[in-house]
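Indexing begins at 1, ligand by ligand and atom by atom, following the structure's order. Here the structure is a predicted model, which means the values were calculated and not measured. The basis for the numbers below is simple: all heavy atoms, side chains too, and nothing from hydrogens, waters or symmetry mates.
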Amino acid sequence: MTDIYDVLIVGGGPVGGCAGTLLTRASLRVCILEPRRPEVPPIGTPLEARVVAISRASERILRSAATWDRVIGSRVEAYERMRIWHESTPPANALVFDAADVGEPNLGYIIENRLLQAALLDEFTAAGGELIAADFRDLSVGADAVTVETSAGILSAKLVIGADGARSAVRESIGLTASVGDFNETAIVATIATQHPHEKTAWQRFMRKGTLAFLPLADGTSSIVWSADNDLAANLVAMSAAEFETELTRASDVALGSTRLVSERMTFPLKRVSAHRYVTQRCALIGDAAHVVHPLAGQGVNLGLLDAATLAQLVLEARSEREDPGALRVLRQYERWRKSEVAFMSTAIDAFDRFLAHGGGPLSRLAQHGLGWVNRSQQIKRLFVNRALGVAGELPHAAR
Ligand SMILES: Cc1cc2nc3c(=O)[nH]c(=O)nc-3n(C[C@H](O)[C@H](O)[C@H](O)COP(=O)(O)OP(=O)(O)OC[C@H]3O[C@@H](n4cnc5c(N)ncnc54)[C@H](O)[C@@H]3O)c2cc1C
């Protein structure tokens, strides 16, 4: 055994990268294990289809992690409104959330996954963090430290954070169980040129066989996330580009005019994951390792960045009181704080999927009509906008 880190993070995705950067900038000795480090996409290269919508709260967390300046630029689009409607109503009757209604310049940003992850890892190493290109294998928890077996050898840390995504090997190693459910849907992701401009608007149509979202990109194209029932998704990816474009234009209700594919179609089978516990002695899970939600509300990374900022805050508070950062008391505080927030969001997202995207019964019809009703109630709209901005719930300092 060579080194004892204060914190060892398994997984340098956006969530692990953010936790690592916040902790390193506060002078903790931190190591991230990440076998696949991406590079910031070179200037002038086409935008990638795999993007995430991040909230204004996430923007503030990235500013706290000194990473915002590495992210913001010509590849990022700020979106100013959302238009949401159900297939039973025309697009003109859409529920509209506008940043201007709450005095904000925008509701959030559409950012390539790769850019976000690479920017965080670049800042992490620039701040003095140690990035090791190795795979996690196993761990054992001792009284004073955790011993971690990796493909690059044995490491040791006072606290291990599992940020290794939905199929977390850390979760398994520490014996934390999770409920895993299948949405029986596959998300199709692609970059699309549209006949009409996207107007810095995120467009989303709920249908009985899934949900279709157009996320506005900085070069005028849009990234679609079409979460369709598995049988429909299989047909859609098997089609020729021209057939797919016809189906897409029809499914979008021609809201943006005709559509043209400008990238390959990528597919993501959709699962729901909910760890029963987020922590054990000296170990904590964050991001998709702890919870995976349906992408229809664009909340996965946003929830994960809040996990990262909350855990970092509590660990740093423990240090300032000379307390062990791996102490179960500290980690339980993190679990209590985040688990209820995530459960609320996850239940709300599942209800949207069940009643708006799939349902046909009276409750569903009520929910579909409810969209028009919400549109007329400024108070309820504000509630939804605050959720989109990420300013609802109890926020860690970095997100305020
Ligand atoms: C189609 C789609 C659209 C989405 N859109 C949005 C959106 O608009 N907004 C939003 O907020 N979220 C969105 N999400 C969710 C979002 O992508 C995830 O929540 C987010 O990527 C989770 O980040 P993470 O860092 O926790 O995990 P990941 O991104 O999965 O990163 C995990 C990292 O761990 C590493 N790793 C894995 N195993 C090991 C190991 N054994 N050893 C070492 N390292 C390991 C991996 O290489 C990876 O880099 C979307 C998801 C999908 C599928």
Side-chain angles (χ1 to χ4, degrees), residues 8-20 31-38 49-55 57-59 61 77 79 82 107-114 116-118 120-121 131-139 148-152 155 160-173 183 185-190 202 204 210-216 223-228 233 265-273 275 285-308 342 345-346 349 388 390:
L8 186 149
I9 301 172
V10 180
V15 175
C18 180
C31 162
I32 294 181
L33 286 188
E34 174 53 63
R36 289 170 286 275
R37 179 184 184 172
R50 189 67 179 86
V51 297
V52 282
I54 66 153
S55 68
S58 291
E59 172 193 347
I61 294 173
E77 181 70 305
Y79 72 102
M82 289 188 282
L107 294 174
Y109 304 86
I110 311 295
I111 298 178
E112 292 159 290
N113 270 34
R114 177 155 79 118
L116 180 60
Q117 184 185 3
L120 280 160
L121 293 179
L131 188 67
I132 301 181
D135 269 304
F136 168 87
R137 297 222 167 114
D138 204 357
L139 60 74
V148 180
E149 194 187 316
T150 81
S151 55
L155 300 168
V160 168
I161 299 178
D164 50 342
R167 284 182 294 185
S168 170
V170 173
R171 191 175 69 221
E172 187 151 339
S173 280
F183 287 108
E185 288 174 56
T186 300
I188 302 171
V189 172
Q204 190 162 32
T211 311
L212 173 61
F214 283 72
L215 303 175
S223 170
I224 57 154
V225 181
W226 190 345
S227 307
R265 284 159 275 180
M266 290 183 275
T267 55
F268 300 85
L270 299 182
K271 297 233 184 306
R272 175 198 300 109
V273 178
L285 302 176
I286 59 175
D288 276 19
H291 45 74
V292 180
V293 296
H294 195 291
L296 72 84
Q299 285 301 323
V301 167
N302 293 304
L303 290 172
L305 294 179
L306 283 167
D307 293 348
V342 171
M345 184 59 87
S346 175
I349 294 171

In Å and rounded to the nearest 0.5 Å, what is the OH to CD1 distance from Tyr79 to Ile54? 9.5 Å
Sidechain-backbone polar pair: Asp164 side chain, Val170 backbone, donor-acceptor under 3.5 Å: yes
Among all protein heavy atoms, pick the one closest to atom 32 (C) of ligand 1 and tell me residue, atom and distance. Ala163 O, 3.5 Å
Looking at Val189, which atoms of ligand 1 are within less than 4.0 Å of one of its heavy atoms? 1 (C)
Is it true that a side-chain atom of Arg137 and a backbone atom of Glu149 form a donor plus acceptor pair closer than 3.5 Å? no
A side-chain contact here means heavy atoms from C-beta on lying under 4.5 Å apart; do His291 and Ser346 qualify? no
Quick one: does any side-chain atom of Glu34 pair with a main-chain N or O of Leu131 as donor and acceptor, under 3.5 Å? no
Would you find a donor on one side and an acceptor on the other, under 3.5 Å apart, between the side chain of Thr186 and the backbone of Thr267? no
Does any N or O in the side chain of Gln117 come within less than 3.5 Å of the main-chain N or O of Gly12, such that one atom is a donor and the other an acceptor? yes
Can you tell me the protein heavy atom closest to atom 6 (C) of ligand 1 and the distance? Val52 CG1, 3.6 Å
Residue portion contacting ligand 1 (non-hydrogen atoms closer than 4.0 Å) for Gln117: side chain
Would you check, one step at a time, whether the test side-chain contact (heavy atoms from CB on, under 4.5 Å) holds for Arg171 with Val273? CA-CA 12 Å; Arg171 191 175 69 221; Val273 178; 3.7 Å; yes
Sub-4.0 Å atoms of ligand 1 with respect to non-hydrogen atoms of Leu33: 43 (C), 44 (N)
If you count the atoms of ligand 1 from 1 in the order shown, which ones are under 4.0 Å from a heavy atom of Gly287? 26 (O)
Using a plain distance cutoff, I'd like to know if Gly12 has any nitrogen or oxygen under 3.5 Å from a nitrogen or oxygen of ligand 1. no
Can an N or O of Val15 be found at a distance shorter than 3.5 Å from an N or O of ligand 1? yes
Any idea which protein heavy atom is nearest atom 42 (N) of ligand 1, and the distance to it? Phe136 N, 2.9 Å
Who's the nearest protein heavy-atom neighbour of atom 27 (O) of ligand 1, and how far? Gly165 CA, 3.8 Å
For ligand 1, the portion of Ala289 having any non-hydrogen atom under 4.0 Å away: neither
Any donor and acceptor pair, going by atom type alone, linking the side chain of Asp307 with main-chain N or O of Gly287 inside 3.5 Å? yes
Derivation and outcome, side-chain contact (heavy atoms from CB on, under 4.5 Å), residues Phe183 and Ser227: CA-CA 10 Å; Phe183 287 108; Ser227 307; over 6 Å; no
I'd like to check which ligand 1 atoms, numbered from 1 as shown, lie under 4.0 Å from a non-hydrogen atom of Asn302. 11 (O)
Per-atom contacts, ligand 1 versus Asp135 - under 4.0 Å to a heavy atom: 40 (C), 41 (N), 42 (N)
Using 0.5 Å steps for rounding, measure from the CG atom of Leu121 to the CG atom of Leu116. 9.5 Å
Below 4.0 angstrom from a heavy atom of Gly13, which ligand 1 atoms are there? Numbered from 1 as shown, please. 25 (O), 31 (O), 33 (C), 49 (O)
Do Glu34 and ligand 1 have an N or O pair less than 3.5 Å apart? yes
Test item, Gly304 contacting ligand 1 (heavy atom, 4.0 angstrom): no
Between Pro14 and ligand 1, which residue portion shows a heavy-atom distance shorter than 4.0 Å: side chain, backbone, both, or neither? both
Has ligand 1 got any nitrogen or oxygen that is less than 3.5 angstrom from a nitrogen or oxygen of Leu215? no
Have a look at Ala169, Pro35, Gly16, Ala53 and point out the one with the heavy atom closest to atom 8 (O) of ligand 1. Ala53
What do you reckon, does Arg167 put a non-hydrogen atom under 4.0 Å from ligand 1? no
Please check whether Ala166 reaches ligand 1 - meaning an N/O of the residue sits under 3.5 Å from an N/O of the ligand, judged on distance alone. no
Which protein heavy atom lies closest to atom 26 (O) of ligand 1, and at what distance to 0.1 Å? Asp288 N, 3.0 Å
heavy-atom search around atom 36 (N) of ligand 1 in the protein gives Asp164 CB, 3.9 Å
Gly300 heavy atoms, cut-off 4.0 Å: which ligand 1 atoms fall inside? 10 (C), 11 (O), 12 (N), 15 (C), 19 (O)
What atoms in ligand 1 come closer than 4.0 Å to a heavy atom of Ala134? 43 (C)
Considering heavy atoms of the protein only, find what lies nearest to atom 51 (C) of ligand 1 and give residue, atom and distance to 0.1 Å. Arg50 NH2, 3.4 Å
Closest to atom 10 (C) of ligand 1 among Val301, Leu296, Thr150 (heavy-atom distance): Val301
